[in-house]
Amino acid sequence: MEKALEVLVIGGNRYVGKRLIAQLLAAGHRVTVLNRGSSPPPAGVEHLVADRDDERSLTGALGSRAFDVVIDQVCYTPRQAALARRVFSGRTRRYVMTSTVEVYEYEDSPALVREEAVDPATVTVNLGLPWDDPAFLEANYGEGKRQAEAVLAAGGPAFPYTAVRVAHVLGGDDDFTGRLAHYAERMRTGEPIAVPVVNRPATYVHVEEMARFLAWAAGEDFTGPVNAASHGTLSTEELCEAVAAHVPGGRAVFRSVEVGEVSPFSFRRSYGMDNARAARLGFTFTDARQWLPRAVAETLVPRQAPGKGD
């Protein structure tokens, strides 16, 4: 980076967010975190307390502040995006939204999916849907992100933005999802792992690499959607093989199901992401198979408590 940036991170309390903040600080940027105040930010970070869903609360906390970059870690709905666009227009030269691979949930492509498969300019926005209902939002996660991207894109050149479409994230001893633990528990108990009859592989990214990508994107000037995924796809079988290495006598037993719920990281559709645009822009991803064993170990192997004198 040529100069220190004023960066606002919305959210950022855990997992990718806390690593992103560490990356930004290490690069010499001045970082402000905005959240509801549930936990304090790390040392060296300014803290603004506000409800990002309450426009008055948000504008009050910001005051006259402006930023080089805003990185929005917790924008899930078009309503949130619309409020953010109103509040941050004229306050930032760049808005970085963390989106998701799930914007491609209706794709089914044997080839890796490129960004143009979902053009935000063509997505219909419906602010009247019950976006405040947690059950509705959970069931329509991908749609919420698609419509949020569309709202930001509608800001045009006056509101430069990028939507970082994040692959499935693995790694870290603070992985709160429990998805790899799901596999490990079934191996311990001998329960079968439910998968679709035709089980498609997917693209993934290590949590540290994801934080590095977001920190890098903060200092760039490209706009529009960009896929963020490590090279290569991983199948459920490959994930389970890595998990089995940490389960004594571990062996995955799969049960194919035509309908109904399947295990995490099991997919009926193929919508792995093509990361060529990120590469053209200058970011180098690693290969998922190289970091997978480390990611699984980080998540499943408890840290040893330090002994006396350590």
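Positions are given from 1, in the same order as the sequence printed here.
At least one donor-acceptor pair closer than 3.5 Å links the side chain of Thr299 to the backbone N or O of Gly172. Judged purely by atom type and a 3.5 angstrom limit, Gln73 has no side-chain atom pairing as donor or acceptor with the backbone of Val9. Asp68 places no side-chain N or O within 3.5 Å of a backbone atom of Leu5 that could act as its donor or acceptor partner. A donor-acceptor contact shorter than 3.5 Å is absent between the side chain of Glu138 and the backbone of Pro134. Although no hydrogens or angles enter the test, the distance criterion places a donor-acceptor pair under 3.5 Å between the side chain of Thr122 and the main chain of Asp119. The closest donor-acceptor contact from the side chain of Arg19 to the backbone of Glu209 lies at 3.5 Å or more, if one exists at all. Lys145 contributes no side-chain N or O that, together with a main-chain N or O of Val101, makes up a donor-acceptor pair within less than 3.5 Å. Judged purely by atom type and a 3.5 angstrom limit, Asn199 uses its side chain to pair as donor or acceptor with the backbone of Phe267. A donor-acceptor pair is defined here as one N or O able to donate and one able to accept, closer than 3.5 Å; no such pair exists between the side chain of Arg268 and the backbone of Arg200.
Remark: Arg14 qualifies as a cation-pi partner of Phe176 under the 6.0 Å distance and 45° angle criteria applied to the six-membered ring.
Around atom CZ of Arg65, more than 12 heavy atoms belonging to other residues, nucleotides or ligands sit under 6.0 Å away. Under a cut-off of 6.0 angstrom, the local environment of CD in Glu261 is sparse, with at most 12 non-hydrogen atoms contributed by other residues, nucleotides or ligands. For Arg114, the CZ atom sits in a loose shell: 12 or fewer heavy atoms of surrounding residues, nucleotides or ligands are nearer than 6.0 Å. At most 12 heavy atoms of other shown residues, nucleotides or ligands fall within 6.0 angstrom of atom CD in Glu241.
One finds a salt bridge joining Arg52 and Asp72 here, because a Lys/Arg side-chain nitrogen approaches an Asp/Glu carboxylate oxygen to under 4.0 Å. A salt bridge does not link Arg93 to Asp221: none of the charged nitrogens lies less than 4.0 Å from a carboxylate oxygen. The residues Glu105 and Arg269 are annotated as not salt-bridged, no charged nitrogen and carboxylate oxygen being separated by less than 4.0 angstrom.
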Check against side chain to side chain contact (heavy atoms under 4.5 Å, CB included), Val195 and Val257: CA-CA 6 Å; Val195 296; Val257 297; over 6 Å; no
Could you go through the salt bridge (charged side-chain N to carboxylate O under 4.0 Å, His left out) check for Arg36 and Asp53 one step at a time? CA-CA 10 Å; Arg36 293 181 180 180; Asp53 295 323; 3.5 Å; yes
Derivation and outcome, side chain to side chain contact (heavy atoms under 4.5 Å, CB included), residues Tyr161 and Val96: CA-CA 6 Å; Tyr161 89 102; Val96 179; over 6 Å; no
Run the side chain to side chain contact (heavy atoms under 4.5 Å, CB included) check on Asp132 and Arg79 step by step: do they pass? CA-CA 9 Å; Asp132 295 330; Arg79 289 183 193 169; 2.7 Å; yes
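Side-chain contact between Thr92 and Val70 is present, with at least one heavy-atom pair separated by less than 4.5 Å. Side-chain contact between Leu239 and Leu170 is present, with at least one heavy-atom pair separated by less than 4.5 Å. Contact annotation: the side chain of Ile193 approaches that of Cys240 to within less than 4.5 Å [non-hydrogen atoms, C-beta and beyond]. Side-chain atoms of Leu300 and Val243, non-hydrogen and from C-beta on, do get closer than 4.5 Å to each other. For the pair Ser270/Ser109, no side-chain contact is recorded, criterion being any heavy-atom separation below 4.5 Å from C-beta on. Counting only heavy atoms from C-beta outward, the side chains of Val113 and Asp274 never approach each other to under 4.5 Å. Two residues are said to be in side-chain contact when any heavy atoms from C-beta on lie closer than 4.5 Å; Leu152 and Tyr95 meet this criterion. Contact annotation: the side chain of Leu25 approaches that of Val45 to within less than 4.5 Å [non-hydrogen atoms, C-beta and beyond].
Under the side chain to side chain contact (heavy atoms under 4.5 Å, CB included) criterion, Ala167 pairs with Thr203, Val205, Ala229, Met273, sequence neighbours left out. Under the side chain to side chain contact (heavy atoms under 4.5 Å, CB included) criterion, Arg280 pairs with Ala276, Arg277, not counting sequence neighbours. Checked against side chain to side chain contact (heavy atoms under 4.5 Å, CB included), Thr189 has the following partners two or more places apart in sequence or in another chain: Glu185, Glu191.
A ring-centre distance under 6.0 Å is not found for Phe88 and Phe67. Aromatic ring centroids of Trp131 and Tyr141 lie 6.0 Å or more apart. For Phe265 and Tyr204, the ring centers are positioned less than 6.0 Å apart.
Contact record, Met210 with Val164: CE-CG1, 3.7 Å, taken as the closest heavy-atom pair. Scanning all heavy atoms of the two residues, the minimum distance from Gly144 to Pro78 falls at O-CD, 3.9 Å. Closest of all the heavy-atom pairs between Phe285 and Asn227 is CE1-O, 4.3 Å. Between Ser263 and His182, the closest heavy-atom pair is OG-NE2, 3.0 Å. Closest heavy-atom contact between Gly11 and Val33: O-CG1, 3.3 Å. Between Ala117 and Glu107 the shortest heavy-atom distance is O-OE2, 3.8 Å.
Atoms OG and CZ, from Ser230 and Arg289 in turn, are 11.5 Å apart once rounded to the nearest 0.5 Å. The structure places CZ of Phe213 at 12.0 Å from OG1 of Thr98, a figure rounded to the nearest 0.5 Å. To the nearest 0.5 Å, atoms CD (Glu220) and OG1 (Thr162) are separated by 10.5 Å. Separation of atoms CG (Asn140) and CG (Leu129) is listed at 7.5 Å; rounding is to 0.5 Å. Residue Tyr106 holds its OH atom at 5.0 Å from CZ of Arg146, rounded to the nearest 0.5 Å. Going from atom CZ of Phe159 over to atom OG1 of Thr223 covers 12.0 Å, rounded to the nearest 0.5 Å.
A donor-acceptor pair shorter than 3.5 Å can be found between the side chains of Glu298 and His206. Ser57 and Asp51 share no side-chain donor-acceptor pair at under 3.5 Å. Side chain to side chain, Arg165 and Tyr104 meet the donor-acceptor criterion of an N or O pair below 3.5 Å. Checked by atom type, the side-chain pair Gln147/Thr77 shows no donor-acceptor distance below 3.5 Å. In this model, no donor atom of one side chain and acceptor atom of the other lie less than 3.5 Å apart for Thr32 and His47.
In the hydrophobic clustering of this structure, Tyr271 does not group with Leu112; members are Ile, Leu, Val, Met, Phe, Trp, Tyr whose side-chain heavy atoms approach within less than 4.5 Å, directly or through other members. Hydrophobic clustering of Ile, Leu, Val, Met, Phe, Trp and Tyr side chains at less than 4.5 Å, counting indirect connections, keeps Val7 apart from Val74. Tracing side-chain contacts under 4.5 Å through hydrophobic residues (I, L, V, M, F, W, Y), one never reaches Leu214 starting from Met97; they form parts of separate clusters. Under the 4.5 Å side-chain heavy-atom criterion for grouping Ile, Leu, Val, Met, Phe, Trp and Tyr, Val166 is connected to Val69 within one hydrophobic cluster. Transitive grouping of hydrophobic side chains (ILVMFWY, heavy atoms separated by less than 4.5 Å) brings Phe254 and Met187 into a common cluster.
Taking the six-membered ring for Trp and thresholds of 30 and 60 degrees, Phe283 and Trp216 have ring planes inclined between 30 and 60 degrees apart.
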